[in-house]
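Below: the structure, in structure tokens.
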Amino acid sequence: EVQLVESGGGLVQAGGSLRLSCAVSGARFDDYTIAWFRQAPGKEREGVTCISYDDDSTWYADSVKGRATISSDNAKSTVYLQMSSLQPEDTAVYYCAAQFAFICPPTPTSVLPDFASWGQGTQVTVSS
């Protein structure tokens, strides 16, 4: 069973940057697409970004496009989410999730479906 552990959340001022990490274990890392989702208080969970298992192709939601970069370190079985120009509306619990052999959407207008495996989440708070 794939297990995911997020880290790197915290409090950051508006305009600042943050890097989240998602450590993956319990399964063959190369077989899983990893995505980041977030959920703000009172809002539905939103897919933020995705990196495909096979070719590392990526997808970004419009809300973070140009401010977020997802990357993968296969040697460490870890996926990173680098976010810059953070705004208070980016405040949320950020979750990484894994889905076996899933291909990230080809267009930014798509939405991510629910993934099968989830981490416990890490809080990101952006102060104005």
Side-chain angles (χ1 to χ4, degrees):
E1 179 182 353
V2 61
Q3 295 160 353
L4 306 104
V5 178
E6 303 95 335
S7 60
L11 176 64
V12 62
Q13 288 188 331
S17 300
L18 208 60
R19 189 178 80 158
L20 305 180
S21 300
C22 173
V24 181
S25 63
R28 189 169 179 268
F29 182 73
D30 290 349
D31 288 341
Y32 286 81
T33 286
I34 305 298
W36 286 94
F37 293 76
R38 66 185 181 184
Q39 188 163 22
K43 294 189 176 182
E44 291 188 358
R45 188 168 58 200
E46 172 192 23
V48 175
T49 181
C50 175
I51 185 164
S52 291
Y53 78 104
D54 57 346
D55 62 358
D56 285 352
S57 60
T58 57
W59 171 90
Y60 296 92
D62 282 344
S63 57
V64 300
K65 198 169 178 66
R67 302 189 296 120
T69 301
I70 189 170
S71 61
S72 174
D73 186 336
N74 286 15
K76 296 182 178 180
S77 296
T78 299
V79 171
Y80 303 98
L81 172 60
Q82 178 75 44
M83 292 194 67
S84 60
S85 302
L86 286 161
Q87 299 301 317
E89 51 265 35
D90 293 314
T91 294
V93 178
Y94 284 70
Y95 300 89
C96 66
Q99 184 66 45
F100 180 79
F102 175 79
I103 303 298
C104 297
T107 63
T109 55
S110 302
V111 295
L112 289 181
D114 259 358
F115 277 32
S117 302
W118 295 82
Q120 82 287 353
T122 186
Q123 176 71 46
V124 172
T125 303
V126 184
S127 63
S128 57

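- Defined by atom type and a distance below 3.5 Å, a donor-acceptor pair is missing between the side-chain atoms of Thr58 and Asp56.
- A continuous path of hydrophobic side-chain contacts links Val2 to Phe100 [ILVMFWY only; heavy atoms under 4.5 Å].
- The distance from atom CD of Gln82 to atom OG of Ser21, rounded to the nearest 0.5 Å, is 9.5 Å.
- Between Ser72 and Ile51 the shortest heavy-atom distance is CB-CD1, 3.8 Å.
- Side chain to side chain, Ser57 and Ser52 meet the donor-acceptor criterion of an N or O pair below 3.5 Å.
- In plain terms, the two heavy atoms of Phe115 and Trp118 that are nearest each other are O-NE1, 2.8 Å.
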Between Leu20 and Trp36, does the side-chain contact (heavy atoms from CB on, under 4.5 Å) criterion hold? Intermediate values first, please. CA-CA 10 Å; Leu20 305 180; Trp36 286 94; 3.6 Å; yes
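- Ile70 places a side-chain heavy atom less than 4.5 Å from the side chain of Tyr60.
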Check the pair Ile103, Thr33 against side-chain contact (heavy atoms from CB on, under 4.5 Å), reporting the backbone distance first and the verdict last. CA-CA 7 Å; Ile103 303 298; Thr33 286; 5.8 Å; no
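- Gln99 places a side-chain N or O within donor-acceptor distance of the main-chain N or O of Ala116, the cut-off being under 3.5 Å.
- For the pair Val111 and Pro105, the tightest heavy-atom approach, listed with the atom from each and the gap, is O-CG, 4.3 Å.
- At most 12 non-hydrogen atoms from other residues, nucleotides or ligands lie less than 6.0 angstrom from CD of Glu1.
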Show, in sequence, the C-alpha distance, side-chain angles and deciding distance for Gln123 and Thr91, and conclude whether the side-chain contact (heavy atoms from CB on, under 4.5 Å) test is met. CA-CA 8 Å; Gln123 176 71 46; Thr91 294; 3.9 Å; yes
Determine whether Ser71 and Asp73 satisfy the following criterion, side-chain hydrogen bond (donor to acceptor under 3.5 Å, both in side chains), listing intermediate values before the conclusion. CA-CA 7 Å; Ser71 61; Asp73 186 336; over 6 Å; no
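- Judged by distance alone, with hydrogens and angles left aside, the side-chain atoms of Glu6 form a donor-acceptor pair with the main-chain N or O of Gly121 at under 3.5 Å.
- Here the CZ-CE distance, from Arg67 to Met83, works out to 4.5 Å after rounding to the nearest 0.5 Å.
- Note that the CG atom of Leu4 and the OG atom of Ser117 stand 6.5 Å from one another [nearest 0.5 Å].
- Here the side chain of Thr49 pairs a donor or acceptor atom with the backbone of Trp59 at under 3.5 angstrom.
- Considering every non-hydrogen atom in both Gly47 and Ala61, the closest pair reads O-CB, 3.4 Å.
- Of all non-hydrogen atoms in Gln87 and Ala14, the two that sit nearest each other are OE1-CB, 4.3 Å.
- Although no hydrogens or angles enter the test, the distance criterion places no donor-acceptor pair under 3.5 Å between the side chain of Tyr80 and the main chain of Thr69.
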Tell me, with the steps shown, if Leu81 and Val79 meet side-chain contact (heavy atoms from CB on, under 4.5 Å). CA-CA 7 Å; Leu81 172 60; Val79 171; over 6 Å; no
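- Counting all heavy atoms, side chain and backbone alike, Phe37 lies closest to Pro113 at CZ-O, 3.5 Å.
- The side-chain heavy atoms of Asp90 and Val124, taken from C-beta on, include no pair separated by under 4.5 Å.
- Atom CZ in Arg45 sits 7.5 Å away from atom OH in Tyr95 (nearest 0.5 Å).
- The hydrophobic cluster containing Tyr53 does not contain Phe102, counting ILVMFWY residues as joined when their side-chain heavy atoms lie under 4.5 angstrom apart, directly or transitively.
- Using a 4.5 Å heavy-atom cutoff, the side chains of Ser63 and Arg38 are in contact.
- Rounding to the nearest 0.5 angstrom, the gap separating the OG atom in Ser77 from the CD1 atom in Ile34 is 9.5 Å.
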